[in-house]
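Everything on this sheet refers to the single structure shown next.
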2 protein chains.
Amino acid sequence: MNPPARRTGRPRSAEADRAILDATRAALVELGWSKVSMGDVAARAGVAKTTLYRRWANKNELVVDAVAAVFDEGLELPDLGCLQADIEAVVLSFARLLALPETRTALMAVVAESTRDPALRDRIRTAIVDRQKRLVLVGRERAQERGELPREQDPETAARTADLIFDMIAGAVVHRVLVSAEPVDTEWARGFTALLLHGLAAGLTLAPSGARPPRND
Amino acid sequence: MNPPARRTGRPRSAEADRAILDATRAALVELGWSKVSMGDVAARAGVAKTTLYRRWANKNELVVDAVAAVFDEGLELPDLGCLQADIEAVVLSFARLLALPETRTALMAVVAESTRDPALRDRIRTAIVDRQKRLVLVGRERAQERGELPREQDPETAARTADLIFDMIAGAVVHRVLVSAEPVDTEWARGFTALLLHGLAAGLTLAPSGARPPRND
DNA sequence: GCAGTTACGCTACGACTCGTAGCGAAAGAG
DNA sequence: CTCTTTCGCTACGAGTCGTAGCGTAACTGC
């Protein structure tokens with residue numbers, strides 16, 4: 001279904017594909033989402049504007065793929081042998097990508113657009129969101145193998161829980177970086193993870209565990 | 001400091017102000033962020049386009065004020081006498097406003113724009129974000145008076161903790177509604193609040209409370 | 001080698017939006 | 001009554017969108 005029947009005719013230039021995505025990313029860095037135009041991207045990529053429209057229906061779809069490429073090559077879940085360390089690491093990794101000028105300006109813009117465009121929403125989901133969510137599933141699996149988290153009997157409950165965890169982790173990082181516009185540093189990641197794991201009622205004041213004074217590094 | 005010396009000349013029509021904001025909101029509902037134009041809003045409001053530009057520099061600033069008006073009249077923190085109930089209520093209240101078509105399509109769009117526009121970022125902060133954050137501060141104060149949360153000695157740590165809580169609550173709800181595009185119902189709010197209060201390590205399965213014992217080892 | 005098919009670069013186009021300028025008229029302040 | 005500012009209106013240049021048409025380039029199957 002994917003590569004249907006495209007045996008005949010001149011094949012599409014893979015080089016143009018890369019050039020366009022790279023140009024899109026560069027244009028986002030330099031101009032920001034709202035001032036990036038298809039004509040500008042085409043000029044940067046050294047291709048004709050019609051070549052863009054043969055591949056992507058509009059700016060939204062193009063930018064989604066450009067952003068997805070950034071996350072694809074940068075987001076990973078290290079196996080540090082401990083749930084807390086794993087979460088902290090993925091939080092920092094996610095925040096680092098989110099703080100890049102191109103993702104910073106583009107990700108929320110396409111998400112906003114997707115509220116009115118189901119096709120765009122699906123593209124964002126498959127190209128970006130679902131791949132992020134996989135990290136939560138992998139992380140939970142590891143934690144369960146280590147005995148840090150209980151195994152769930154009901155798969156439906158398990159799925160709901162994973163969705164909740166994902167919304168909490170991704171949502172908090174996105175909100176911190178894009179709305180509050182404050183950096184996600186080691187200290188924040190540590191406090192966030194501690195709260196996620198142990199909750200408010202534990203009486204935490206969220207001072208870094210071990211009660212070291214809140215001095216900077 | 002605000003708009004101080006405007007004693008002379010024809011005063012601005014307060015009626016036009018309301019008409020423009022209402023028209024903006026209606027246009028957002030009908031067309032969505034990207035297809036709302038200043039000319040369209042002016043026509044809906046029954047005013048000239050130049051009248052809009054006398055009050056707002058561009059579409060972003062106008063939409064921020066229109067969205068802020070929605071949150072102003074709809075976001076509240078009920079005092080239910082219990083931290084868990086208070087959080088659940090404010091989560092549901094926030095999610096309800098966020099699910100409106102006008103906020104849904106506009107809020108993340110202006111946030112995305114604000115990454116390249118410091119003036120817009122300040123406007124969003126003062127008109128929307130800071131007022132939301134106040135709910136966190138009020139909620140914590142009440143919980144501390146009830147003895148549900150410990151009082152913090154260090155004001156700086158207290159501020160960082162409040163920022164963290166705010167990013168977690170607002171971020172999770174925003175992500176759930178706008179990115180995952182799933183509804184925030186009572187069940188989700190209860191699971192989220194339980195997790196926020198008690199954390200993962202308590203062995204919760206996030207099944208509706210009372211369902212099963214937390215098989216922790 | 002040749003025909004068929006598709007991609008490419010290029011140009012041009014209508015439709016739309018932006019933000020501004022200029023005008024005369026309207027509405028208050030002193 | 002004069003001064004000042006806002007108002008509605010029209011018009012404008014600049015920019016963008018997405019499409020169409022053209023001749024050429026590249027690759028496939030016969």
Side-chain angles (χ1 to χ4, degrees), chain A residues 2-24 27-28 30-65 105-106 109-110 113 116-117 119-120, chain B residues 2-21 23-24 27-28 30-66 105-106 109-110 113 116-117 119-120:
Chain A
N2 194 10
R6 198 191 294 279
R7 11 180 142 275
T8 173
R10 175 175 176 176
R12 287 197 177 164
S13 164
E15 188 181 357
D17 284 327
R18 276 189 306 103
I20 292 171
L21 288 176
D22 290 347
T24 303
L28 284 171
E30 188 174 328
L31 304 173
W33 156 264
S34 60
K35 289 178 181 161
V36 168
S37 71
M38 297 294 264
D40 185 85
V41 171
R44 285 171 193 261
V47 303
K49 202 171 55 166
T50 46
T51 301
L52 267 72
Y53 281 103
R54 258 181 223 106
R55 291 161 162 78
W56 291 276
N58 47 51
K59 195 170 89 171
N60 293 326
E61 313 250 336
L62 169 60
V63 169
V64 167
D65 283 7
T105 187
V110 293
E113 288 299 300
R116 288 273 170 166
D117 185 342
L120 183 63
Chain B
N2 198 5
R6 194 191 297 278
R7 9 181 143 273
T8 176
R10 175 177 175 174
R12 286 195 178 165
S13 163
E15 187 182 358
D17 284 326
R18 277 190 303 104
I20 293 171
L21 288 176
T24 303
L28 285 171
E30 187 173 329
L31 304 173
W33 157 263
S34 60
K35 289 178 180 162
V36 168
S37 72
M38 296 294 264
D40 185 85
V41 171
R44 286 171 192 263
V47 302
K49 202 171 55 167
T50 45
T51 300
L52 267 71
Y53 281 104
R54 259 183 221 105
R55 290 151 212 262
W56 291 276
N58 47 52
K59 194 170 89 171
N60 294 326
E61 312 249 335
L62 169 60
V63 169
V64 167
D65 284 8
T105 187
V110 294
E113 288 299 300
R116 287 274 170 164
D117 185 342
L120 183 63

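All values derive from a computational prediction rather than experimental measurement. Protein chains get the first letters and strands the later ones, always in sequence-line order, with residue 1 at the start of each.
Rounded to whole Å, the distance from CD on A:Glu15 to P on D:dA25 is 17 Å. As a whole-Å value, the separation of A:Leu52 CG from C:dC10 P is 13 Å.
When distances are taken from the side chain of A:Tyr53 to each of D:dG18, D:dT4, C:dG19, the shortest belongs to D:dG18.
Each of B:Lys59 and B:Thr50 has a nearest nucleotide on DNA chain C; the 5'-most of these lies closest to B:Lys59.
Under the salt bridge (charged side-chain N to carboxylate O under 4.0 Å, His left out) criterion, A:Arg55 pairs with A:Asp17, sequence neighbours left out.
A salt bridge links A:Glu30 to A:Arg44: one of the charged nitrogens lies within less than 4.0 Å of a carboxylate oxygen.
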**Report entry** B/S/- contact track for nucleotides 11-16 of chain D, protein heavy atom under 4.0 Å
**Finding:** -----S

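Residue A:Arg54 has no polar side-chain atom (N or O) positioned under 4.0 Å from OP1 or OP2 of C:dG9. Proximity of B:Arg10 to the phosphate of C:dA26: no side-chain N or O atom is located under 4.0 Å from OP1 or OP2. The phosphate of D:dC7 (OP1 or OP2) has no side-chain N or O of B:Ser13 nearer than 4.0 angstrom. Put simply, A:Thr51 has a side-chain N or O that comes within less than 4.0 Å of OP1 or OP2 on C:dG9.
The backbone N or O of B:Ala43 lies less than 3.5 Å from no partner atom in the side chain of B:Asp40, so there is not a single donor-acceptor pair.
For the helix from C:dG1-D:dC30 to C:dG30-D:dC1, the axis fitted to the five pairs at one end and the axis fitted to the five pairs at the other end meet at an angle of 20° (nearest 10 degrees).
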